[in-house]
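Naming: A, B, ... by sequence-line order, numbering from 1 per chain.
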Amino acid sequence: MSFKKVLIDNKSLIALLLLMGAVSLYSPNFLTVDNLLNVLRQTSINAIIALGITYVILTAGIDLSVGSVLALSGAVCASLLAADTPLIVAFMATLFVGGMLGAANGVVISFFGVQPFIATLVGMTMLRGATLVFTDGRPISTGDFEVAEAFYQLGGGYVAGIPVPILLAAAVFGVGWLVLNRTAFGRYVYAIGGNEQVTLIAGINVRRVKIVVYMLSGAMAALAGMILTARLESAQPTAGLGYELDAIAAVVLGGTSLMGGRGTLIGTLIGALIIGVLNNALNLMDVSSYYQQIAKGGVILLAVVVDSRVKSR
Amino acid sequence: MSELLRLEAVSKSFSGNRVLDEVSFSLFRGSVLALAGENGAGKSTLMKVITGLYTCEAGQVLYRGDIVSFDNPRHAMDAGIAIIHQELNLLPNLSVTENIFLGRELRNGFGLLRSAEMIAATETLLAKLKQTIDPKALVGSLSLAQQQMVEIAKALSFEAEVIIMDEPTDALSDVETRVLFEVVANLKLQGKGLIFISHRLEEIFELCDQVAILRDGKMVHVGPTREINEQELIRHMVGRELSDRYPYAAVPKGDLRLQAEGLCAPGISDISFDAHAGEVIGFSGLIGAGRTELAHALYGVAELFAGRIMVEGAERRLTSPQDGVAAGIAYVSEDRKGEGLIQIHSLKSNMTLGTVRKFCSALGLLDLAKESRAVEQFVDAFAIKASGHDMPVQQMSGGNQQKVSLAKSLMAEPRILILDEPTRGVDVGAKREIYAQIQSLKEKGLCILLMSSDLPEVLGISDRVLVLSRGRLTASFTREEASQEKIMQAAIA
Ligand SMILES: Nc1ncnc2c1ncn2[C@@H]1O[C@H](COP(=O)(O)OP(=O)(O)OP(=O)(O)O)[C@@H](O)[C@H]1O
Ligand SMILES: [Mg+2]
């Protein structure tokens with residue numbers, strides 16, 4: 001009875017372990033420290049975006065604009081660095097830009113009552129356009145100043161043998177978990193998704209919480225954008241295309257309900273890892289990138305179907 | 001008298017927790033069976049076993065002599081067993097007619113809806129209940145009591161043989177209850193069998209032929225109603241004597257807390273009154289009289305068209321519940337599901353929803369132990385029955401949910417407390433605890449506005465009674481002046 005409950009409660013984790021087991025049988029290179037660090041590094045961008053989206057989905061919202069926010073803030077960051085802006089200033093300014101773009105989504109949603117799906121779909125389109133305008137459709141190099149060198153560490157550096165993106169993701173998840181589980185704000189996030197009317201009647205400033213949540217999602221996309229830009233030493237106008245889907249898939253695989261009010265960040269982390277391992281496995285197996293998309297979609301579908309089966313028992 | 005329905009040694013557990021323990025009883029044609037018991041005794045669960053929402057692990061259900069086991073309530077309905085659930089099950093964004101005909105819409109030869117016919121049928125159904133609700137109105141726009149009447153109309157429309165009513169009157173005022181009772185008397189004459197669940201004991205004695213009493217999942221008494229009196233009924237329910245159902249003592253009136261001057265808002269017009277610290281003011285009236293609307297205006301849920309609200313001498317513009325909270329006002333909604341509690345969340349996070357900040361350190365981090373202690377206090381004080389602080393509210397019995405709702409508002413230590421049907425669905429013993437709480441809050445100098453459709457309750461614990469009718473204040477009585485007749489008269493004025 002309780003053993004079954006343990007199984008059901010940890011089904012994402014079990015799925016991840018099974019997947020890893022299967023992959024390691026197929027490819028002996030999988031379970032090497034280098035490859036695992038590689039998987040983690042590749043997962044960290046998606047995980048950071050998915051963290052922001054988890055907050056949004058917990059309030060029963062959705063954020064489709066993260067890919068475009070990522071691209072635009074990456075471009076902003078690259079051009080700041082190219083103009084020899086001090087690292088910390090460029091970093092904070094980029095986070096701020098991402099946060100403000102997200103907050104704009106939040107304002108449209110909570111003050112004008114636009115459905116989150118529509119509001120962020122519009123945001124996704126407009127911001128992609130804005131990125132193309134801003135970059136003139138060409139990559140922006142981070143430039144040749146010393147600051148660009150330092151900035152590269154954000155995406156390509158190591159601390160104590162661990163890639164910096166992994167450390168960043170770990171830090172962000174630590175703080176994100178604390179905020180969600182140990183602050184009043186975190187409670188409000190869950191409450192809004194659980195029942196917005198009840199939350200409103202309890203005297204909570206629902207609008208403000210929602211705006212902050214979308215702001216957070218934007219800021220996380222900007223952070224992800226900086227990691228990507230750092231690694232490539234340039235910002236691509238088409239960066240982040242389709243990233244929102246991988247992030248949403250991670251959240252859903254992690255057991256967070258799209259109806260809001262239920263879910264965990266740990267789950268999201270596991271969900272992101274499942275996608276990361278899957279990508280890695282398909283690469284190790286030399287599956288062409290066209291087939292990879294089909295395979296990935298199939299696995300996600302399978303996971304969600306199994307999940308709803310288990311729940312409806 | 002022929003037997004319609006028989007339960008034999010029915011048992012049911014939730015995750016190892018036995019909720020029904022070998023329950024047996026019979027229901028006969030042309031009779032009404034009362035099912036009584038404390039909150040969480042298992043009444044609703046038993047009804048859900050009958051209608052196939054839950055399956056029992058042991059025992060059997062016999063319907064017209066045959067063993068039945070329905071897969072879902074729809075099948076039970078088709079076989080002739082209709083149920084009015086305790087928690088309303090209507091879809092707020094559909095109209096009254098659409099709700100009543102959901103899943104069995106009338107269609108013409110082309111498969112198109114015969115709307116006019118369905119609307120007319122709905123009108124007839126509602127007319128039987130003396131309701132003038134527009135069949136095309138969205139259910140979400142109706143008051144809770146009106147929704148309850150729609151739910152009743154829906155159950156009647158199946159023309160079932162067995163009709164189960166799980167606390168149908170808990171949101172109704174006397175007049176509507178009277179109408180329902182007439183309808184029930186009619187159904188009895190037609191030879192139907194009814195099961196009636198209520199925490200208003202007067203109703204059980206008035207309406208029911210048989211009474212069955214559940215305690216902790218066991219059937220402790222079944223017999224004719226006329227062979228038992230209220231004291232005995234209560235003793236069977238709670239396992240002890242209960243003296244003095246309405247504890248009351250006057251306390252010296254304190255300072256002027258709340259002044260309402262000519263309040264006009266949706267559903268109310270020109271309402272003025274004063275309320276003091278250490279005072280309980282009861283608001284009585286029929287369905288749609290404007291009690292909830294008044295509560296909403298006073299708490300900031302609805303904005304005023306005209307008039308002003310003064311709290312402790314200072315004018316307050318209340319434009320949202322946040323303003324209400326800031327003014328020291330707390331509000332317990334009559335609508336647990338829609339406004340009171342987040343059903344999928346735990347007892348704990350519901351109880352501290354509005355007050356979590358109190359449990360945060362200077363850094364903004366929650367002190368879970370401190371929160372837990374505060375929650376424990378209320379769980380104890382209200383004898384809330386739950387498997388733990390993490391139990392999702394939706395798994396708790398209705399009455400226990402109500403207690404959580406009340407505790408949630410008291411967590412904020414308000415100066416003015418607005419209670420809208422605070423004992424909806426609460427059992428006798430717990431009601432008494434709530435009244436005792438109200439009394440002690442009053443002694444501590446709280447100003448309490450009690451909106452209630454339960455007249456004995458209003459008369460029992462109020463210092464003053466104000467009566468609303470069609471959104472206006474029609475009478476004001478002191479405790480000594482107030483009587484059932486006078487209030488009813490003012491209510492239909
Ligand atoms: N789905 C569920 N999962 C776990 N426990 C449940 C579930 N439904 C009910 N219970 C538990 O079963 C017990 C009986 O609940 P039930 O709703 O039948 O009580 P009740 O007699 O109808 O009470 P009330 O008068 O408050 O409506 C309660 O302790 C409740 O917490
Ligand atoms: Mg019940």
How long is the gap from [atom1] on [X] to [atom2] on [Y], to the nearest 0.5 Å?
X: Ile342(B); Y: Arg187(A); atom1: CD1; atom2: CZ; value: 10.5 Å
X: Thr199(A); Y: Leu353(B); atom1: OG1; atom2: CG; value: 5.5 Å
X: Ser361(B); Y: Arg182(A); atom1: OG; atom2: CZ; value: 11.5 Å

What part of [X] lies closer than 4.5 angstrom to a heavy atom of chain A: side chain, backbone, both or neither?
X: Glu371(B); answer: side chain
X: Lys408(B); answer: side chain
X: Ser349(B); answer: both
X: Thr352(B); answer: side chain

Is the count of non-hydrogen atoms from other residues, nucleotides or ligands lying under 6.0 Å from [X] atom [atom1] greater than 12?
X: Arg74(B); atom1: CZ; answer: yes
X: Arg18(B); atom1: CZ; answer: yes
X: Glu57(B); atom1: CD; answer: yes
X: Phe14(B); atom1: CZ; answer: yes

Taking side chain as everything from C-beta outward and backbone as N, CA, C, O, which of these in Tyr188(A) sits under 4.5 Å from a heavy atom of chain B? Side chain, backbone, both or neither.
side chain
Would Leu365(B) and Thr183(A) count as a side chain to side chain contact (heavy atoms under 4.5 Å, CB included) if you check the C-alpha gap in whole Å, the side-chain angles of each, and the deciding distance to 0.1 Å?
CA-CA 5 Å; Leu365(B) 287 189; Thr183(A) 67; 4.0 Å; yes
For the interface with chain A, which of Asp323(B), Leu341(B), Val325(B) has the highest count of heavy-atom pairs at distances below 4.5 Å?
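Winner by heavy-atom pair count: Leu341(B).
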Interface residue of largest heavy-atom contact number with chain A, from Asp335(B), Ile344(B), Val301(B), under 4.5 Å
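Of Asp335(B), Ile344(B), Val301(B), Ile344(B) has the most heavy-atom pairs under 4.5 Å with chain A.
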Please tell me if the side chains of Leu200(A) and Gln322(B) come closer than 4.5 Å, counting only heavy atoms from C-beta onward.
no
Looking at side-chain heavy atoms only, is the closest gap between Asn195(A) and His345(B) below 4.5 Å?
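Not in contact.
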Any donor and acceptor pair, going by atom type alone, linking the side chain of Tyr299(B) with main-chain N or O of Ile201(A) inside 3.5 Å?
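Yes: the side chain of Tyr299(B) pairs with the backbone of Ile201(A).
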